[in-house]
Amino acid sequence: MHVLQHLRDSASVTPSDLLFAALAGVTGVAGSYAVAGYTRRFVVAPIDAAVVRATPGSIVAFVIQNVGEEGHFLHIALSFAVATGLLAGAAIVGLSVGRRFGRDAMGVGLAGVLAWGLTVLITAEPLLAVGAAGPVAVFTAAGAAPLAPPEHDPSRRRALLSSASALAVLGASLGLGRLAPTDTTGGEAEAMDDEVAALMDAADARSLDISGDVPGLVSTFEEFYNVDIAEFDPELSPGDWSLTITGEVDEDLTVSFDDLTDRPVERRFVTLRCVGEDLNGRKLDNALWTGTPIKPLLEEVDPEGECGCAMLRAEDDYFVQFPIEALEDAFLAWGMNGRSLPRSHGHPVRVLVPGHWGETNVKWLDEIELLGEEMDGYWEQRGWHGTGPVNTVAKLWSESRLDDGAVEVAGHAYAGTRGIERVEVSTDGGESWRDADLSDPLPGDDVWRQWRHEFETDGVHDVVVRATDGEGTRQSQERSESFPSGATGWVSETVGE
Ligand SMILES: Nc1nc2c(c(=O)[nH]1)N[C@H]1C(S)=C(S)[C@@H](COP(=O)(O)O)O[C@H]1N2
Ligand SMILES: [Mo]
């Protein structure tokens, strides 16, 4: 007995320690969420950013091709596991030290301080770190001190009680975290200026009357797609923000948000499409953006680099390399559909490059570096070729049976700055073609158009759609995957089943 006791006491980690450490880790993460919400102040967020930064491009490319969209879940799950493990580690250290010195209180204190210190190191939020440290200390204490008299199988009972309490902490944290304040979210309603209001009305008037689930000519905030390398968006207020133009320039130039918005204001309709989307995917949207052209800023710094190219960098460590020539037509936007730019779309300032794939439209932009020689951007390092002009596409996004019995098929078509001239529909698998109705074009050089076609039928049809761009070139029929240069082919769907 004596020997066993001695062995147990000197073993640094017991199975019971592991259980309580796990409870401490999980509730510590939950506690951080309770006080910080799903923001960059949550202990998982900076870990996720580091995981994204550290994952080799070849692994990212592999996951995108083999797992697809759900691949995102992998780095988030890994980041949750790392955060839980670190906080559990603090509890383990506390439990073993407390036992070694026969002083539970000291162990509990140590676990709490360690958990707090780790969380501060990760989030730089000393006050909010208490949210993580508190539960770690509590469950370390539960692991150290019996809650019930020894005659009632104490370890088992204590474990059950503590697990139930941990569940309660989890539940409460989920509720609290949802209420946690997220400042500088963007997307605030502003007094819509007359020009924006008139353009929004014009877009509304030109949108076709479509029965199915197809956005109008302007996508709402809810509809507009989102692609981010990281799970947690940067939170920048206009006051924190500035843009520096540097590198191969005469002299660096830094502009504040106020400097930028004092420049000549323009409103532009611009459509975005992600190179990574499926042929008939929905990562294609249009908005009305408020901002200022980038060209005068570039002229002020007088770029000198050999390659005629620039690297755009963002607050989330995203970067895109791009020819200055294409950048000269670009636009720095701080407003979207008459509101301030929402956080998820780059608050406070993003780039919009007409006609090029979505990835060039850098959100949370903070630096433009004029380069001496070409370098790969974030996605190019991962095998994509997504900085060039978009492919032409006609989407088939809805089919509906109308009240009069006819079938309506509809969607959008987009060809970047080439514009859309025509959309054709076949209801017999490509044997014969009819012109679809097209929405009147929106003002702007880089906008999509809606199309709609109605036909009478009782049967099943292979419906195929194809677009012709403004230069008279028909959408390529040859099928290819989105990786690495964007999906090609004609969308076809079986309709009327
Ligand atoms: N800073 C930053 N900018 C970014 C991205 C990003 O992850 N970080 N994603 C890019 C990609 S791949 C696309 S398709 C568009 C999507 O813009 P949205 O989320 O506003 O629709 O933003 C681009 N700009
Ligand atoms: Mo993208």
Side-chain angles (χ1 to χ4, degrees), residues 40 45 48-49 51-53 55 57 60-61 64 68-69 71-72 75-76 185-187 215 218-236 241 243 270-278 281-289 291 311-322 327 330-337 339-368 376-391 393 414 416 446 448 482-487:
R40 286 207 151 189
D48 184 69
V51 167
V52 167
R53 214 175 307 135
T55 311
V60 177
I64 291 173
E69 274 291 284
H72 226 51
H75 68 79
I76 300 162
T185 43
V218 171
S219 310
T220 62
F221 283 2
E222 291 70 39
E223 287 166 337
F224 208 105
Y225 81 92
N226 231 206
V227 175
D228 300 313
I229 56 165
E231 172 70 2
F232 297 85
D233 295 335
E235 289 172 45
L236 292 171
W241 182 89
L243 167 67
V270 178
T271 304
L272 262 54
R273 181 182 178 205
C274 184
V275 68
E277 70 153 5
D278 294 337
R282 286 202 176 228
K283 288 186 180 141
L284 168 68
D285 278 295
N286 182 64
L288 176 62
W289 311 85
M311 186 69 89
L312 312 189
R313 295 183 207 277
E315 168 65 23
D316 59 345
D317 289 331
Y318 182 75
F319 50 100
V320 174
Q321 193 237 225
F322 212 65
L327 202 55
F331 185 65
L332 294 176
W334 58 79
M336 183 176 178
N337 298 348
R339 292 169 166 248
S340 71
L341 197 61
R343 183 145 66 98
S344 61
H345 297 296
H347 188 78
V349 177
R350 82 174 303 164
V351 186
L352 292 166
V353 186
H356 291 251
W357 290 108
E359 68 167 76
T360 60
N361 300 273
V362 177
K363 305 188 272 189
W364 313 289
L365 175 76
D366 58 14
E367 187 184 285
I368 300 177
D376 278 339
Y378 178 91
W379 287 118
E380 285 30 66
Q381 283 183 354
R382 286 152 182 81
W384 290 87
H385 305 300
T387 59
V390 295
N391 299 340
V393 73
Y414 178 55
D446 180 26
W448 64 4
S482 59
F483 186 84
S485 316

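Just so you know, residue 1 is the first one in the sequence shown, and it goes up from there. In each ligand, atom 1 is the first atom listed, and ligand 1 is the first ligand listed. All figures in this text were calculated on a predicted structure; none of them were measured in a lab.
- Remark: the backbone N or O of Phe232 is not paired with any side-chain donor or acceptor of Asp48 at under 3.5 angstrom.
- Listed by chain and residue number, Phe322, Ala330, Val351, His356, Thr360, Asn361 satisfy the side chain to side chain contact (heavy atoms under 4.5 Å, CB included) test with Val353 (two or more places apart in sequence, or in another chain).
- Ionic pairing of Arg343 and Glu235 is present here: one or more N-O contacts between side-chain nitrogen and carboxylate oxygen are shorter than 4.0 angstrom.
- If you look at ligand 1, the protein residues with a non-hydrogen atom under 4.0 Å away are Phe224, Tyr225, Asn226, Val227, Asp228, Ile229, Leu272, Cys274, Ala314, Asp316, Tyr318, His345, Arg350, Gly358, Glu359, Asn361, Val362, Lys363, Trp364, Trp379.
- Applying the side chain to side chain contact (heavy atoms under 4.5 Å, CB included) test to Ser219 and every residue at least two apart in sequence or in another chain returns Pro215, Glu223, Phe224, Asp285, Trp448.
- Under the rule for a side chain to side chain contact (heavy atoms under 4.5 Å, CB included), the partners of His72 that lie at least two apart in sequence or sit in another chain are His75, Ile76, Glu231.
- No side-chain donor-acceptor contact under 3.5 Å links Asn286 and Tyr414.
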